[in-house]
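Worksheet: the structure to be examined is printed underneath.
Keep in mind the model is a prediction, meaning the values are calculated, not measured. Excluded from the calculations below are hydrogen atoms, water molecules and symmetry mates; all remaining heavy atoms, backbone and side chain alike, are included.
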Amino acid sequence: MIMRIWRTRVDESRAGEYEHFAAEQSLPMFAAQPGFRGLLFGRDGERCTVVTLWQDAAAADALETSPAYRETVARITAAGFLTGESTVERMAVHGSHLLGTPL
């Protein structure tokens, strides 16, 4: 399993718009991708992180070239509530433990 970590910053006065976009546009797009296994959205003030989980490296690679992903990136960029640069990091998952239902 591959963990993909996207970090960005958001204009705090528009954080609600960002969170709506994440729930209404990003989540469905990710869920429709082959090999998608789950995600976590995190935010602390202006700092935002999205951790997605992928079946394998091929599935994580396929995301990067997916037309739906590229369109979503274009829309979130055009929305104007992100600030600064975004980064992406990937690594293999070597263990996990999650309890309960979605937060």
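- Atoms CD and SG, on Glu12 and Cys48 in that order, are 9.0 Å from each other to the nearest 0.5 Å.
- Here the side chains of Arg4 and Glu64 are in contact, with some heavy-atom distance below 4.5 Å.
- When the side chains of ILVMFWY residues are joined at heavy-atom separations under 4.5 Å, either directly or via intervening members, Phe41 and Leu82 end up in a single hydrophobic cluster.
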For a side-chain contact (heavy atoms from CB on, under 4.5 Å) check, start with the C-alpha distance between Arg7 and Glu89, then their side-chain angles and the critical distance, and finish with the verdict.
CA-CA 9 Å; Arg7 290 187 175 95; Glu89 180 179 358; 3.0 Å; yes

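- Side-chain contact check for Arg47 versus Arg9: some heavy-atom pair is nearer than 4.5 Å.
- For the atom pair CE (Met3) and OG (Ser96), the distance works out to 10.0 Å, reported to the nearest 0.5 Å.
- Distance check: Glu19 CD to Arg43 CZ gives 4.5 Å after rounding to the nearest 0.5 Å.
- Heavy atoms only, all atoms of each residue included: Gly45 and Val10 are closest at O-CG1, 4.2 Å.
- Trp54 and Thr52 are linked by a side-chain donor-acceptor pair at a separation below 3.5 angstrom, with hydrogens and angles left out of the test.
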Might you work through the side-chain contact (heavy atoms from CB on, under 4.5 Å) test for Gln25 and Ile76, ending with a clear yes or no?
CA-CA 9 Å; Gln25 296 188 49; Ile76 198 169; over 6 Å; no

For side-chain contact (heavy atoms from CB on, under 4.5 Å), just list the numbers for Arg70 and Thr65, CA-CA rounded to whole Å, side-chain angles, deciding distance to a tenth of an Å, and then say yes or no.
CA-CA 7 Å; Arg70 290 180 182 266; Thr65 59; 4.2 Å; yes

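- To the nearest 0.5 Å, the span separating OG1 on Thr49 from CG on Leu39 amounts to 12.5 Å.
- Under 3.5 Å, the side chains of Glu46 and Thr83 contain no donor-acceptor pair of N or O atoms.
- The shortest heavy-atom contact between Gln33 and Ala68 is NE2-CB, 3.9 Å.
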Chi angles and distances behind the side-chain contact (heavy atoms from CB on, under 4.5 Å) call for Thr72, Phe21
CA-CA 10 Å; Thr72 303; Phe21 187 99; 3.8 Å; yes

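- Contact record, Gly35 with Ala59: CA-CB, 3.8 Å, taken as the closest heavy-atom pair.
- Between Phe36 and Phe30, the two ring planes are parallel [angle under 30°; tilted spans 30° to 60°].
- Of all non-hydrogen atoms in Ser86 and Thr8, the two that sit nearest each other are OG-OG1, 2.8 Å.
- Residues Leu27 and Val88 share a single hydrophobic cluster, defined by chaining ILVMFWY side chains whose heavy atoms lie under 4.5 Å apart.
- There is a path of hydrophobic side-chain contacts, each under 4.5 Å, that joins Met91 to Val93.
- Between the side chain of Arg14 and the backbone N or O of Gly16, no donor-acceptor pair lies under 3.5 Å.
- Linking ILVMFWY residues whenever their side-chain heavy atoms come closer than 4.5 Å, directly or via other members, leaves Leu53 and Met29 in distinct clusters.
- Counting all heavy atoms, side chain and backbone alike, Tyr18 lies closest to Val50 at OH-CG2, 3.6 Å.
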